[in-house]
Amino acid sequence: MQYFTLLLFGCLVGMQHALEADHLAAVAALGKQRDSRRALVLRGGAWGLGHTVTLLSICSVLWLFGETISPRMAALLELVVGVMVVLLGANVLLRMRRQRLHVHVHRHATGTRHLHVHAHAGESVSHDESDHEHLHASRGLARALLVGMVHGSAGSAGLLVLAAAAGSVTEALGYVAAFGAGSIVGMAALSFVASYPLRWIERGANWVSTAAFASIGCAAIVIGGHLVGQGLGAL
C-alpha cells in the first residue's frame, strides 16, 4: 500500500512537472501547419513519451552502475535545454515571417472542417483566392518526441533524488515510470485544453492570431534564455 502511494505521488508529480514553463514553451513552439485538436494532443503525448524514455534510460544506467549526475553535468544539460527552447522560439518567429502564417478554419472538398496554422509562402494570389491545399502526412510527432527526450535528460538529476525514497532499484524504476506516465497525461491534457483558445483565436481578427503566435515565440526565447543563464552560472 505504501509503494502504491509512492507510485501515485510519482504520477501526480509527473503531471505537475509537465506544466513547467520551459516544457510549455517548447511544446507550444512546436506548432505546425496541421494543428487539429488531435494533432495537438498527440504532439503533447509524444513529448511526454520522449521525456519518459530518456528518464527511464538514464536512471536505469546510473542505478545499475551506482552512479549519479554531478551538479556540473546537470547544469550542462539545463544549458542544452535552454538553447533548444530558444531555437524553437526563434523558429516560430522566422516561420511567421517567411511563410505568412495565420490561423483559420479550413474546409476540405470532402466536407471535413478543422482549425490549423496555414502558410501562403510563395503564392501570388490573394488569401481569398487561395485554394488552401495542404497535406496532413505529418503531425510533428518525431520532433516532439526528440524535444521531450532532451527535456528528460535535464530532469533526470532531480528525479534520481526523488526516486531514492523507493526501497529497491525495481521500485525506483516503477516510480520513474509512474512519473513519466503522469507527464504524458499532463501534457496531452494540457494540449487538449489549449486547442479551445486556439479556436477562439481563429474567430478573431488576423492580428490576434499573429500576436498570439508571436507571443509564443518570444516567450520561448525569454524562458530558454533564462535557462541558458542559469546553466552558464552553474558551470
Side-chain angles (χ1 to χ4, degrees), residues 10-11 13-62 69 73-74 76-92 94-95 114 116-117 134-160 163 173-195 198 213 216-217 219-221 223-224 227-228 231:
C11 185
V13 172
M15 293 178 69
Q16 182 276 329
H17 179 70
L19 304 182
E20 292 183 3
D22 58 318
H23 299 162
L24 300 182
V27 173
L30 285 170
K32 298 176 75 66
Q33 297 178 18
R34 293 156 285 273
D35 280 346
S36 65
R37 181 168 294 149
R38 182 181 181 185
L40 283 168
V41 173
L42 288 175
R43 192 179 302 131
W47 178 92
L49 179 60
H51 189 266
T52 303
V53 168
T54 303
L55 285 175
L56 279 173
S57 300
I58 293 178
C59 291
S60 297
V61 171
L62 291 176
I69 295 179
M73 178 57 68
L76 180 60
L77 292 173
E78 197 76 9
L79 175 63
V80 171
V81 169
V83 171
M84 178 189 68
V85 175
V86 168
L87 292 177
L88 287 172
N91 183 57
V92 171
L94 287 174
R95 286 194 297 115
H114 70 100
H116 69 106
V117 182
H134 59 285
L135 300 176
H136 289 258
S138 170
R139 293 188 175 93
L141 300 186
R143 192 179 181 193
L145 183 71
L146 179 60
V147 170
M149 292 177 72
V150 175
H151 266 123
S153 64
S156 56
L159 188 58
L160 282 170
L173 289 177
Y175 176 86
V176 174
F179 180 94
S183 68
I184 293 173
V185 172
M187 189 57 77
L190 179 71
S191 299
F192 177 78
V193 172
S195 67
L198 279 178
F213 282 91
I216 288 174
I221 292 174
I223 293 171
L227 289 176
V228 170

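Positions are given from 1 along the sequence.
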query = For the atom pair CG (L146) and CG (L141), what is the distance rounded to the nearest 0.5 Å?
reply = 12.5 Å
task = Might you point out which heavy atoms bring V85 and D22 nearest each other, and give the distance in Å?
result = CG2-O, 4.1 Å
Side chains of L24 and I223 in contact at under 4.5 Å (non-hydrogen atoms) = no
note = Between A220 and A25, the two heavy atoms sitting closest are CA-CB, 3.9 Å
task = Starting at CE of M149, measure out to CD1 of I58 and round the result to the nearest 0.5 Å.
result = 9.0 Å
request  = Take L88 and R143 through the side-chain contact (heavy atoms from CB on, under 4.5 Å) test and state the conclusion after the steps.
outcome  = CA-CA 11 Å; L88 287 172; R143 192 179 181 193; 3.5 Å; yes
note = For S153 and L77, the nearest pair of non-hydrogen atoms, with its separation, is O-CD1, 3.2 Å
key: Side chain to side chain, L79 and L76, heavy atoms closer than 4.5 Å   = yes
note = Shortest non-hydrogen pair, A154 vs V81, comes out as CB-CG2, 3.4 Å
inquiry  = So which atom in A29 and which in G89 form the shortest heavy-atom distance, rounded to 0.1 Å?
reply    = CB-N, 4.2 Å
request  = From the options V83, V228, L227, select the one residue that forms a side-chain contact (heavy atoms from CB on, under 4.5 Å) with E78.
outcome  = L227
note = Nearest heavy-atom approach of V86 to G224 is CG2-C, 3.4 Å
query = How long is the gap from CG on L42 to CG on L145, to the nearest 0.5 Å?
reply = 12.5 Å
ask   = So, H23 side chain and H151 main chain: donor-acceptor pair closer than 3.5 Å or not?
value = no
key: Trace of the side-chain contact (heavy atoms from CB on, under 4.5 Å) decision for H17 with H51   = CA-CA 11 Å; H17 179 70; H51 189 266; 3.1 Å; yes
